[in-house]
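Structure record follows, encoded as structure tokens.
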Amino acid sequence: MPAGFRWPAGFLFGASTAPHQVEGNNTSSDMWAFERAAGPGHPLLKERSGDAVDSYHRWPEDMDLLAGLGFSAYRFGIEWARIEPEQGHVSRAAVAHYRAMVRGALDRGLTPVVTLHHFTSPLWFTARGGWTAPDAPELFAAYATTAAEILGEGVEYVATLNEPNMIAVMQGFLQAAASGAADPSGSGSGTDLAAAAAAAADPEVPDRHIPGQEHGAVAHGLPAPDPAVTEALIRAHRAARAALKAADPRLKVGWTVANQVYQAEPGAEAAAAAYSGPREDVFLAAAREDDWVGVQAYTRTRIGPDGPLPAPADAERTLTGWEFYPPSVGHAIRHTAGIVGPDVPILVTENGIATADDTRRVAYTSGALAAVAEAVADGIDVRGYLHWSALDNYEWGSYRPTFGLIAVDRETFERTPKESARLLGALAAAARTAPTDAPDAPAG
Ligand code: IFM
């Protein structure tokens with residue numbers, strides 16, 4: 001921590017989840033269809049999501065735990081596939097469910113940060129062409145208008161799309177790999193995201209170099225995103241933002257970008273910039289007109305003159321194979337601020353580590369918070385830190401990479417907070433109750 005550092009008043013400390021990863025039985029989604037089609041033993045999918053951790057029913061307990069631990073924010077998603085399971089049919093029960101979640105968060109003193117789309121889409125949307133269908137932005141905007149009913153319960157921060165850059169990259173991955181993954185739509189374009197998400201998260205891929213986040217199946221790098229998907233996603237984001245603002249001008253609308261933390265080796269600055277441009281920077285630039293932007297960082301990718309390099313041979317690896325690199329979030333904040341400029345506030349909406357050893361999570365989080373504090377001390381407008389993840393959950397094909405602050409027994413669904421949850425929660429509580437006298441981050 002910088003000498004004398006104090007967390008700003010109102011700084012949010014929270015944790016994040018995503019619907020498909022925690023709710024269970026997301027049966028109208030494209031990912032659910034892919035999980036069924038892939039079948040046992042599919043190389044891209046070790047396990048199906050199934051009941052996940054049953055947060056669809058147990059969200060009050062999850063929120064009770066977070067609030068009790070001292071957190072001041074909870075990022076969760078609302079699932080389009082539940083709200084609009086068939087095109088044009090809005091499930092009023094699903095809308096009521098998510099409205100109750102928003103009220104539940106506020107009642108517990110948790111600031112809700114709500115994501116409209118976190119990788120999964122309704123199967124009908126994907127089957128008719130997904131994001132590159134000509135009317136995809138209008139369809140997404142119509143969903144956003146419905147979502148505004150939920151957000152109207154008192155949400156301030158709303159994210160349209162989670163990691164649009166990974167959606168675009170994953171589409172490219174499938175095209176490049178011509179994976180032949182099952183396609184529930186039969187259209188050839190449908191399972192793109194679902195299959196790629198599963199491939200991306202496969203923790204068994206040996207020597208998986210993950211350039212920034214999810215994906216190591218391609219040696220030491222990410223395929224170039226599909227520009228058509230990139231453009232379509234930006235259009236969809238803007239259409240949703242307009243719909244949200246029209247419905248409720250008080251909403252603060254942004255999107256959350258996967259920060260790969262590309263680090264140029266000496267002499268490779270131009271190569272790093274060229275690599276980062278289509279994979280990350282174009283999505284950050286699209287956030288310049290937004291009310292905030294979400295930073296999501298886990299590790300780094302070094303770039304040499306010929307492109308991405310593997311992690312150093314002696315690097316500590318996490319359960320996803322990623323290099324243990326706590327300062328990544330600080331680099332990501334600075335890179336993001338450099339592109340969006342000083343007028344777009346930043347929320348760290350994801351940062352964390354997949355490990356079975358919670359002492360490594362404590363060490364990682366301590367280092368990450370120090371990096372966030374340094375950015376804040378340097379005057380960057382960072383409004384909060386939301387750890388990934390609140391709960392151990394379904395990591396897109398496998399339950400093995402445990403990212404949670406809270407462990408979950410997958411038979412009984414019993415929740416058990418880890419020491420990392422207690423330490424981060426205590427920091428959050430101290431920062432909230434006495435922002436001018438907050439303790440240092442958990443010792444690592
Ligand atoms: O679990 C994912 C999440 O869905 C998106 N960001 C990265 C996380 C860890 O891989």
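Source: prediction; values computed, not measured. FYI, the numbering just counts along the sequence from 1. Note that these values count all heavy atoms, side chains included, but never hydrogens, waters or copies made by symmetry. Just so you know, ligand 1 is whichever comes first in the structure, and atom 1 is the first atom listed for that ligand.
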Next item on the list: Please determine which of Thr349, Asn259, Thr256 meets the side-chain contact (heavy atoms from CB on, under 4.5 Å) test together with Val295.
Entry: Asn259
Next item on the list: May I ask you to list the atoms of ligand 1 that are less than 4.0 angstrom from any heavy atom of Glu163?
Entry: 5 (C), 6 (N), 7 (C)
Margin query: Heavy atoms only, cut-off 4.0 Å: how does Gln21 contact ligand 1, side chain, backbone, both, or neither?
Written below: side chain
Margin query: Among residues at least two apart in sequence or on other chains, which ones pass side-chain hydrogen bond (donor to acceptor under 3.5 Å, both in side chains) with Tyr325?
Written below: Gln263, His331
Checklist line | side-chain hydrogen bond (donor to acceptor under 3.5 Å, both in side chains) against Glu414, all qualifying residues, sequence neighbours excluded | finding: none
Check: Considering distance alone, does some N or O of Asn162 sit under 3.5 Å from an N or O of ligand 1?
Finding: no
Check: So which bit of Trp322 gets within less than 4.0 Å of ligand 1, heavy atoms only: side chain, backbone, both or neither?
Finding: side chain
Next item on the list: From the options Trp388, Tyr298, Tyr385, select the one residue that forms a side-chain hydrogen bond (donor to acceptor under 3.5 Å, both in side chains) with Glu350.
Entry: Tyr298
Next item on the list: Check each atom of ligand 1 against the heavy atoms of His118 and keep those under 4.0 Å away; list them by number with element.
Entry: 3 (C), 4 (O), 5 (C)
Next item on the list: Would you please test Trp131 and Phe140 for ring pair (Phe, Tyr, Trp, His ring centres under 6.0 Å) and show each step?
Entry: CA-CA 9 Å; Trp131 296 106; Phe140 188 55; 5.3 Å; yes
